[in-house]
Amino acid sequence: MSQVAELNVFIIETELQLISYVAISKIENETNTLAFVTSQVLLEYLLSIGHRNVSLIDRSHKGGWIGKVRFLRKCYVKVEAEILKTLAYGETLKLFTPRIDSLYNNFIFAGLTSRFNVELCLIPDGAISFFSVDLSQEKKSLLKKWNMLFSVLPFLKMKALVFEGDELGGDLASNIYCFGNVAMKYPESKIRRISFPYGDEFKKAINTEAKVLIVGQNIQRYNLASTDYVLSVERKIADVIRDLDPIVVDYAKHPRSFLNEFKIENSQDVVSDALCVEQLIVQRGYTHVLSCYSSALINAKLIAEERIEAISVGVLDFPFSDERQREQLLSVFSQLNVHVVSL
């Protein structure tokens, strides 16, 4: 890469974030971009569609906290080394990331801001982009503990950023990207609206008979809700689908879930080369998408508007840690005409 005055640096962790990256690249200067992905699947996809300057950062670690420190340092060093091929210390870069409350992203942001002039830009990260709350005391305490550790290991030259306000980093960000025209809680001056791909393709695949896709969520892995709650949602989903009398009932498992949340009897596991569930919706031409509060419900409406029905089952009963999260989600659902069904 040649020397440039400004650089765009992307941290991409999920399939949806990758789609965001592709969309943002169309309006940013793609030639001055570095992308770091956290899985081989994302790396191979970007290379297959002609994107260059893409690197893999391995976030797996062993050996307890020592192993984690080693990998945190390793990830940061790799990102900085790639940046230094283009910029000198003190020059300007834009960091595009979904959030800075996660440890890896926090350390990368904190490290870069101590060495470069960094402009933080948030990219879409599923439904959390719409219902984030202020950074919790628990997360602040964790970040402070890491700083205490680094204070006795100064040779690592690492630190965490303990910040206030929006947990994703919205109060620190200069630009916040989002799909469509959905109203968000952030100041409009920060919002940068991007177009969701696949909308035109969906028109070619639309069906007249009901075809249903159930979208799983990664709920139980993080103990976000009880098994009883998940079973209640599954029973209600089955009731809703029975009334629809569809010709197809497919199930798309969350790519990082160990379980099959919301899978019901007689639904078929999807087998597809689609990168993400949004692309799958387009390829198969589903008429109905069901989940609890998956971002697929929001994105399906952004892609297809009234040509598809998105149904949220159980969001009224989900045990959110902060009631404001439910209120913000319901506001978005209302704007997009996502149908809400209680248990």
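- Residues L46 and V22 approach most closely at CD2-CG2, 4.3 Å, considering heavy atoms.
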Applying side-chain contact (heavy atoms from CB on, under 4.5 Å), run through F179 and I303 and close with a yes or a no.
CA-CA 9 Å; F179 289 115; I303 293 170; over 6 Å; no
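- Between D166 and K185, some side-chain heavy-atom pair lies under the 4.5 Å cut-off.
- The side-chain heavy atoms of L103 and W146, taken from C-beta on, include a pair separated by under 4.5 Å.
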Could you walk me through whether F36 and F10 pass the ring-ring contact (aromatic ring centres under 6.0 Å, His included) test, one step at a time?
CA-CA 6 Å; F36 296 92; F10 284 80; over 10 Å; no
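- Ring geometry, F96 versus Y177: the interplanar angle falls from 30° to 60°, so the pair is classed tilted.
- In terms of heavy-atom proximity, A300 sits nearest to I281 at CB-CD1, 4.1 Å.
- The two residues P319 and L224 make their nearest non-hydrogen contact at CG-O, 3.5 Å.
- Contact of the L93 side chain with the N8 side chain is not registered, since no non-hydrogen atoms from C-beta on lie closer than 4.5 Å.
- E44 CD to I49 CD1: the interatomic distance, rounded to the nearest 0.5 Å, is 13.0 Å.
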List the atom pairs, with distances to 0.1 Å, where a side-chain N or O of residues 111-123 and a protein N or O form a donor-acceptor pair under 3.5 Å, not counting sequence neighbours.
from : atom 1 : to   : atom 2 : distance (Å)
T113 : OG1    : F109 : O      : 3.0
T113 : OG1    : A110 : O      : 2.8
S114 : OG     : G111 : O      : 2.7
R115 : NE     : E80  : OE1    : 3.0
R115 : NH1    : Y76  : OH     : 3.2
R115 : NH1    : G111 : O      : 2.9
R115 : NH2    : K157 : O      : 3.2
N117 : ND2    : T92  : OG1    : 3.0
E119 : OE2    : S174 : OG     : 2.8
E119 : OE2    : N175 : ND2    : 3.4

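- K140 has no carboxylate O lying under 4.0 Å from a charged side-chain N of E167, or vice versa, which leaves the two without a salt bridge.
- Scanning for salt bridge (charged side-chain N to carboxylate O under 4.0 Å, His left out) contacts around R99 gives D101, D125, with sequence neighbours left out.
- Distance OG/S321 to CD/Q325: 4.0 Å, rounded to 0.5 Å.
- With 3.5 Å as the limit, one finds no donor-acceptor pair spanning the side chains of N53 and E82.
- Put simply, the side chain of H288 does not reach to within 4.5 Å of the side chain of K211, judged on heavy atoms.
- What you find for V289 and L297 is that their closest heavy atoms are O-CD2, 3.4 Å.
- V79 is listed as a side-chain neighbour of I83, based on a closest heavy-atom distance under 4.5 Å.
- Remark: E138 CD is loosely packed, at most 12 non-hydrogen atoms of other residues, nucleotides or ligands lying under 6.0 Å away.
- When ring centroids are compared, Y293 and F131 come within the 6.0 Å threshold.
- Side chains of I100 and T97 form a contact here, defined as non-hydrogen atoms less than 4.5 Å apart.
- Nearest heavy atoms, R193 versus N181: CD-OD1, 3.4 Å.
- E278 approaches A296 most closely through the heavy-atom pair OE2-CA, 3.9 Å.
- Looking at S257 and Q217, their side chains never bring a donor and an acceptor atom within 3.5 Å of each other.
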What's the verdict on side-chain contact (heavy atoms from CB on, under 4.5 Å) for T33 and Y21, showing C-alpha distance, side-chain angles and the deciding distance?
CA-CA 10 Å; T33 293; Y21 161 71; 3.8 Å; yes
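- With R256 contributing its side chain and N218 its backbone, the two residues share no donor-acceptor pair below 3.5 Å.
- From C178, atom SG reaches atom NZ of K190 across 13.5 Å, with rounding to the nearest 0.5 Å.
- The existence of a salt bridge linking K253 and E261 is excluded, since no basic side-chain nitrogen approaches an acidic carboxylate oxygen closer than 4.0 Å.
- Side-chain contact between Q279 and Q283: present, with at least one pair of heavy atoms (C-beta onward) separated by less than 4.5 Å.
- Residues Y186 and S129 bring no donor and acceptor atom of their side chains to less than 3.5 Å of each other.
- Remark: the D250 side chain and the Y286 side chain contain an N/O donor-acceptor pair separated by less than 3.5 Å.
- Residues E327 and R324 are not paired through a salt bridge, judged by the lack of any N-O separation under 4.0 Å between the basic side chain and the carboxylate.
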Determine whether V215 and Y251 satisfy the following criterion, side-chain contact (heavy atoms from CB on, under 4.5 Å), listing intermediate values before the conclusion.
CA-CA 6 Å; V215 180; Y251 173 77; over 6 Å; no
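- Annotation: the span from S195 atom OG to I24 atom CD1 amounts to 11.5 Å, rounded to 0.5 Å.
- Ring centroid separation for the pair F107 and F150 comes in under the 6.0 Å cut-off.
- Taken to the nearest 0.5 Å, the CG atom of L135 stands 10.5 Å off from the CG atom of D171.
- A donor atom on one side chain and an acceptor atom on the other are not found under 3.5 Å apart for H51 and Y45.
- Put simply, F318 and L343 are part of the same group of oily side chains (I, L, V, M, F, W, Y) that touch within less than 4.5 Å, one to the next.
- Atoms CD1 and OG, from I298 and S294 in turn, are 8.0 Å apart once rounded to the nearest 0.5 Å.
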Could you please spell out the steps behind the side-chain contact (heavy atoms from CB on, under 4.5 Å) verdict for E234 and I237?
CA-CA 5 Å; E234 291 172 358; I237 286 176; 5.5 Å; no
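- Here the side chains of S226 and Q220 are not in contact, with every heavy-atom distance at 4.5 Å or above.
- Using a cut-off of 4.0 Å between Lys/Arg side-chain N and Asp/Glu carboxylate O, K263 and D269 are scored as salt-bridged.
- The 12-atom threshold is not exceeded at CD of E265, counting heavy atoms of other residues, nucleotides or ligands nearer than 6.0 Å.
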